Chemist: 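Just dropping this structure here.
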Amino acid sequence: MTVGKTGLVFGAVLSGRHLFWSMMVALGWAQRVIDCIFWMHFIKPVLVIKPFKVARAAILIAVTASIGFVIGSAFAWIWNAMCKRERSA
């Protein structure tokens with residue numbers, strides 16, 4: 001398993017989810033969605049979605065891409081280390 005490629009895939013998936021969320025905020029759909037999700041879980045909606053800001057959305061996407069890359073890379077590194085140990089045993 002390639003460490004860098006796995007990190008990129010995890011980063012892309014995680015940041016993609018947050019890109020989708022940012023688009024929902026920009027379109028004005030996020031409040032209705034979060035209210036519905038809370039309603040289905042028997043939770044009284046108390047969160048209020050703030051107005052969309054491009055800079056904040058970019059920060060969210062960049063941070064989650066970075067976190068996803070680190071988590072994916074760590075996962076691949078651990079996987080490779082465990083597989084190497086099994087082959088040598």
Side-chain angles (χ1 to χ4, degrees):
M1 185 178 295
T2 306
V3 173
K5 286 182 182 178
T6 305
L8 287 174
V9 169
F10 269 67
V13 169
L14 198 57
S15 63
R17 285 185 55 186
H18 287 84
L19 173 63
F20 180 72
W21 174 255
S22 295
M23 289 176 8
M24 288 183 37
V25 172
L27 293 170
W29 300 349
Q31 187 67 57
R32 286 177 275 174
V33 169
I34 201 77
D35 288 348
C36 182
I37 290 169
F38 281 158
W39 173 81
M40 286 188 289
H41 288 88
F42 306 97
I43 299 171
K44 179 182 177 185
V46 293
L47 299 177
V48 177
I49 307 299
K50 295 181 92 172
F52 179 77
K53 306 270 188 199
V54 173
R56 190 177 298 175
I59 291 168
L60 172 68
I61 294 164
V63 168
T64 55
S66 300
I67 291 169
F69 179 81
V70 169
I71 291 171
S73 297
F75 172 76
W77 182 81
I78 292 167
W79 182 272
N80 289 339
M82 291 175 66
C83 287
K84 187 186 293 184
R85 188 179 314 155
E86 286 180 10
R87 279 185 247 143
S88 64

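Given the structure is predicted, the values throughout are model-derived calculations rather than measurements.
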Chemist: With sequence neighbours left out, what residues match W39 under side-chain contact (heavy atoms from CB on, under 4.5 Å)?
Modeler: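 Residues passing side-chain contact (heavy atoms from CB on, under 4.5 Å) with W39: none at all.
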Chemist: Return all side-chain donor-acceptor pairs below 3.5 angstrom for residues 46-71, not counting sequence neighbours, or 'none' if the list is empty.
Modeler:
residue, atom, partner, partner atom, Å
T64, OG1, L60, O, 2.9
T64, OG1, I61, O, 3.1
S66, OG, A62, O, 2.9

Chemist: Any side-chain heavy atom of S73 sitting closer than 4.5 Å to one from W77?
Modeler: no
Chemist: With sequence neighbours excluded, give me every side chain to side chain donor-acceptor pair (under 3.5 Å) pair touching residues 19-34.
Modeler: Q31-D35
Chemist: With clusters defined by side-chain heavy atoms of hydrophobic residues (ILVMFWY) lying less than 4.5 Å apart, directly or transitively, does M82 cluster with F75?
Modeler: no
Chemist: With M40, which residues qualify under side-chain contact (heavy atoms from CB on, under 4.5 Å), at least two apart?
Modeler: C36, I37
Chemist: Extract all donor-acceptor atom pairs below 3.5 Å that involve side chains of residues 3-13 and protein atoms in other chains or at least two apart in sequence.
Modeler:
residue, atom, partner, partner atom, Å
T6, OG1, T2, O, 2.8

